[in-house]
Peer 1: 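Pasting a structure here, questions to come.
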There are 2 protein chains.
Amino acid sequence: MKAVSKSQIKRDALLKATICLVNNNGFHATPMSKIAKMANVSPATIYLYFKNKQDLANQAYIEVKSSFSNCAFKDFEPNMGVEEGFKKIWMNIATFKLKEVDHAMFLSQCDNTPMIDEESRQEGLKHLQPLIALWERGKEEGLVKPFSPFILYAFTVYPISFLLNTEMKGWCKVDKPALERAYSAAWDAIKL
Amino acid sequence: MKAVSKSQIKRDALLKATICLVNNNGFHATPMSKIAKMANVSPATIYLYFKNKQDLANQAYIEVKSSFSNCAFKDFEPNMGVEEGFKKIWMNIATFKLKEVDHAMFLSQCDNTPMIDEESRQEGLKHLQPLIALWERGKEEGLVKPFSPFILYAFTVYPISFLLNTEMKGWCKVDKPALERAYSAAWDAIKL
DNA sequence: CATTAAAAAATGAACGTTCATTCTTTTTTT
DNA sequence: AAAAAAAGAATGAACGTTCATTTTTTAATG
């Protein structure tokens, strides 16, 4: 049983409210007053936990990005076979995006708009290192195309966001078989 | 020589300013006064051309999306071979995104935030029909995996946006060889 | 355990600014 | 000279943030 301080609860409520409202209205169209209301807190209270609105967004971003990375590498061992490890990571990421829809949408918005400080964005980028290392090994072993990590990422992980978006809009359903099909596309895109 | 009316010029200047400022600051952080200033126009004048700020954004979106579609299907003939036609369209889209960076960034922001009306977004979606039809034929001819158009799009066209983003941030350079590598990943992802 | 006073946390109202939009007047075109 | 287009100033609402005050928590004392 983990002890969770009262102020940690409020902080979390504020971050959660921020994510929810920003997803629905965008960052600048989300007033602090509404964030406060959703978190059952006075507007002034926000400033006990965060320096200002920008800081609130940055911290939400970092928090979500880090929970994303935790999921991504669950049960992954660096000494796994390349394809096995890649499938594990890919499925972890897909599962995260499909289960934690709010978090995934928030990240997508942060990554495609100027709402987050460049510094915080850099911070969130570090986490992918193990995947890049895995790809490097895959190249050495002749299993993965000798492409830059950017291209490999663009054609394997990034497409998952699109599938999530279309599912969110109700345009398609991403069930287990669809996920397997998507994975096969991802692996075919980069395998030698 | 196409005759361009004076008011058309102002309208275009306003749309261009909108795209530029929204790319750099986001929609809600872009004041009408700045759009007016960049277009060399009084704030009040904007309202002669657009109903309000939202209308300005919607029209910018529709305009850019349609210019995108025009590029996408340049020199494409519906009776082309499937792989040939696909490569043509894919390269057209990639070229558009790399050349018309402002437009591409604007679309990316529109598609990943709630800044555009759902109605206008639907409007912009129609244009991809020829590509979907090509994929259908590819499936019939046993050349393309029998996947939904969403998955096919996610693993071929959508990744281009990521490469554009990383290039914009100066993290990588997308030159001709890189483009060929990316294309091969796209085709491998969906070919049977 | 009850009391209480100091400290910490939280609040609602208020402030100053910014913004989208409109109104009245001026300039340009016909 | 009438009509159309454009302008700048004005308006009212909304926002981020701060301030003065109240409420809650803490911990020391009898």
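So you know, we letter chains A, B, ... as the sequences are listed, proteins then strands, and number each from 1.
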Peer 1: Quick one: does any side-chain atom of Asn25(A) pair with a main-chain N or O of Thr30(A) as donor and acceptor, under 3.5 Å?
Peer 2: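 Absent.
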
Peer 1: State whether Lys10(B) places a side-chain N or O below 4.0 Å from either non-bridging phosphate oxygen (OP1 or OP2) of dA6(D).
Peer 2: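 Yes, such a contact exists.
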
Peer 1: Rounded to the nearest angstrom, tell me the gap between atom CG in Leu48(A) and atom P in dA10(C).
Peer 2: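 My rounded result for the distance is 6 Å.
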
Peer 1: Counting only side-chain nitrogens and oxygens, does Thr45(A) get under 4.0 Å of the OP1 or OP2 atom of dT11(C)?
Peer 2: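 Yes, because at least one side-chain N or O of Thr45(A) sits under 4.0 Å from OP1 or OP2 of dT11(C).
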
Peer 1: Within 45° of the six-membered ring axis of Trp90(B) and under 6.0 Å from that ring's centre, is NZ or CZ of Lys87(B) located there?
Peer 2: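 Cation-pi check for Lys87(B) and Trp90(B): fails.
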
Peer 1: Taking Phe27(A)'s backbone N and O only, do any of them form a donor-acceptor pair with Lys53(A)'s side chain (distance below 3.5 Å, no angle check)?
Peer 2: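 Yes, because the side chain of Lys53(A) sits within donor-acceptor range (under 3.5 Å) of the backbone of Phe27(A).
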
Peer 1: What's the CZ-C1' distance between Phe50(A) and dA9(C), to the nearest Å?
Peer 2: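 The answer, rounded to whole Å, is 15 Å.
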
Peer 1: Is the Phe162(B) to Phe150(A) ring centre distance short of 6.0 Å?
Peer 2: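 Ring centroids of Phe162(B) and Phe150(A) are no less than 6.0 Å from each other.
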
Peer 1: Output yes when at least one side-chain N/O atom of Tyr49(A) is less than 4.0 Å from OP1 or OP2 of dA10(C), else no.
Peer 2: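 Yes.
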
Peer 1: Rounding to an integer number of Å, can you tell me how far His28(B) NE2 sits from dC19(C) C1'?
Peer 2: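 Rounded to the whole Å, the gap is 13 Å.
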
Peer 1: Select from Tyr47(A) and Ser42(B) the residue whose nearest nucleotide in DNA chain D is closer to the 5' end of that strand.
Peer 2: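 Going by which nucleotide is closer to the 5' end, it is Ser42(B).
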
Peer 1: Just the rounded figure in Å: distance from C1' of dT18(C) to NZ of Lys53(A).
Peer 2: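 Roughly 13 Å, once rounded to whole Å.
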
